[in-house]
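Have a look at the structure below before the remarks.
The figures here come from the full heavy-atom set of this structure, side chains too, leaving out hydrogens, waters and symmetry mates. Small disclaimer: the values here were computed from a predicted structure and weren't measured.
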Amino acid sequence: MGTEIERKFRVRYDTWREQADAGTRFRQGYLVGSAKVSVRVRIEGQKANLNIKSATLRVTRSEYEYAIPRGEAEEMLDQLCEKPLIEKTRYRLTFAGVLWEVDVFAGDNEGLVVAEVELPSEDATFEVPPWAGEEVSHDKRYYNVCLVKHPYKDWTDRDQ
């Protein structure tokens with residue numbers, strides 16, 4: 001079984017950009033988003049994947065990912081996925097020896113910036129960068145599958 005152990009944080013400052021790579025554009029959509037599982041199609045730069053992830057609201061979730069032809073991914077995104085699609089640029093950087101990914105959302109989620117760190121275990125220790133703010137790992141609004149149905153542009157408490 002594939003497992004993802006991930007913590008999410010709001011981003012307070014843009015100082016992370018000084019150490020980040022050039023970024024990779026993402027376009028993703030959901031074929032299924034239920035109480036038990038999400039099934040998404042994602043184009044990340046030039047590659048495409050089908051991803052199946054448990055829909056539990058926890059730091060640790062089951063996750064499976066399979067490469068698919070990019071042309072088929074484009075068709076699924078355009079014809080089969082719920083709208084709006086998730087559009088974002090993901091930047092990668094290392095802070096205190098740990099890889100961080102910062103997602104800068106576009107489209108209906110423009111203005112939202114979230115940092116994620118994948119960990120080897122739930123109790124792994126790591127240093128939170130000064131540009132990272134509130135932890136939102138347990139707030140379902142920040143899960144991409146939820147951003148389709150409730151995009152950031154519609155939040156009434158956007159600046160919290």
Side-chain angles (χ1 to χ4, degrees), residues 1-21 23-45 49 51-65 81-160:
M1 175 189 309
T3 302
E4 172 190 69
I5 303 171
E6 179 180 82
R7 307 262 302 264
K8 292 178 181 262
F9 298 81
R10 290 284 305 256
V11 173
R12 296 187 297 178
Y13 311 114
D14 275 351
T15 54
W16 58 269
R17 290 182 183 274
E18 299 165 6
Q19 300 169 323
D21 67 3
T24 303
R25 297 268 310 141
F26 280 62
R27 186 171 173 240
Q28 70 187 44
Y30 289 85
L31 298 166
V32 174
S34 71
K36 192 169 187 172
V37 67
S38 69
V39 180
R40 80 171 174 225
V41 176
R42 173 187 274 176
I43 296 176
E44 175 182 345
N49 292 299
N51 176 281
I52 303 161
K53 191 181 284 193
S54 63
T56 55
L57 188 59
R58 298 188 345 218
V59 172
T60 301
R61 301 189 292 167
S62 299
E63 181 179 34
Y64 306 89
E65 190 165 80
C81 291
E82 292 182 53
K83 303 297 187 281
L85 297 176
I86 299 293
E87 303 170 71
K88 62 186 178 182
T89 301
R90 174 167 287 170
Y91 299 89
R92 292 175 174 87
L93 66 139
T94 302
F95 179 82
V98 176
L99 178 65
W100 286 80
E101 297 174 333
V102 178
D103 289 342
V104 178
F105 289 84
D108 284 0
N109 293 294
E110 187 169 347
L112 180 61
V113 182
V114 177
E116 302 175 348
V117 59
E118 288 200 28
L119 302 168
S121 66
E122 282 195 28
D123 60 354
T125 59
F126 63 97
E127 186 177 341
V128 177
W131 42 262
E134 168 192 12
E135 182 169 3
V136 294
S137 301
H138 293 76
D139 187 337
K140 68 180 181 180
R141 296 178 305 165
Y142 292 89
Y143 284 65
N144 286 294
V145 68
C146 294
L147 289 170
V148 172
K149 293 182 176 143
H150 304 287
Y152 187 65
K153 71 178 182 72
D154 295 337
W155 294 13
T156 57
D157 60 344
R158 291 172 46 138
D159 296 324
Q160 289 187 351

Are the side chain of [X] and the backbone N or O of [Y] linked by a donor-acceptor pair below 3.5 Å?
| X | Y | result |
| --- | --- | --- |
| S121 | A124 | yes |
| K149 | L147 | no |
| R12 | P130 | yes |
| S137 | K8 | yes |

**Report entry** Presence of salt bridge, R10 and E134, under 4.0 angstrom
**Finding:**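 No, E134 and R10 are not salt-bridged.
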Kindly write out the residues that satisfy side chain to side chain contact (heavy atoms under 4.5 Å, CB included) with [X], not counting sequence neighbours, or none if the list is empty.
| X | value |
| --- | --- |
| V11 | W16, V102, V113, A115, W131 |
| T125 | none |
| R92 | D21, T24, F26, E44, R90, L99, E101 |
| F126 | R7, F9, V98, W100, V117, L119, V128 |

[X] and [Y]: which non-hydrogen atoms are nearest, and at how many Å?
| X | Y | result |
| --- | --- | --- |
| L93 | A20 | CB-CA, 3.8 Å |
| E87 | G107 | OE2-CA, 3.8 Å |
| P84 | D108 | CG-OD2, 3.3 Å |
| K88 | D103 | NZ-OD2, 3.0 Å |
| G29 | C81 | C-SG, 3.6 Å |

Report summary line: With sequence neighbours left out, the residues meeting side chain to side chain donor-acceptor pair (under 3.5 Å) with T15 are none
Query - Sequence-distant partners of Q28, side chain to side chain donor-acceptor pair (under 3.5 Å), two or more places apart - result: Y30, R42
[X] [atom1] to [Y] [atom2] distance, which is reported to the nearest 0.5 Å:
| X | Y | atom1 | atom2 | result |
| --- | --- | --- | --- | --- |
| W155 | N109 | CH2 | CG | 8.0 Å |
| R40 | N144 | CZ | CG | 6.5 Å |
| S38 | L31 | OG | CG | 10.0 Å |
| L112 | R141 | CG | CZ | 9.5 Å |
| I43 | R27 | CD1 | CZ | 6.0 Å |

**Report entry** Sequence-distant partners of F95, ring pair (Phe, Tyr, Trp, His ring centres under 6.0 Å), two or more places apart
**Finding:**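 In terms of ring pair (Phe, Tyr, Trp, His ring centres under 6.0 Å), with neighbours along the sequence ignored, F95 is linked to no residue.
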Requested in this report: Can you sort out the partners of F105 under ring pair (Phe, Tyr, Trp, His ring centres under 6.0 Å), two or more places apart, ordered by chain and number?
Outcome: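 Testing F105 for ring pair (Phe, Tyr, Trp, His ring centres under 6.0 Å), a comparison that skips the adjacent residues, returns none.
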Query - Test item: side-chain donor near acceptor, N51 and E63, under 3.5 Å - result: yes
Query - Check against side-chain contact (heavy atoms from CB on, under 4.5 Å), K153 and E110 - result: CA-CA 7 Å; K153 71 178 182 72; E110 187 169 347; over 6 Å; no
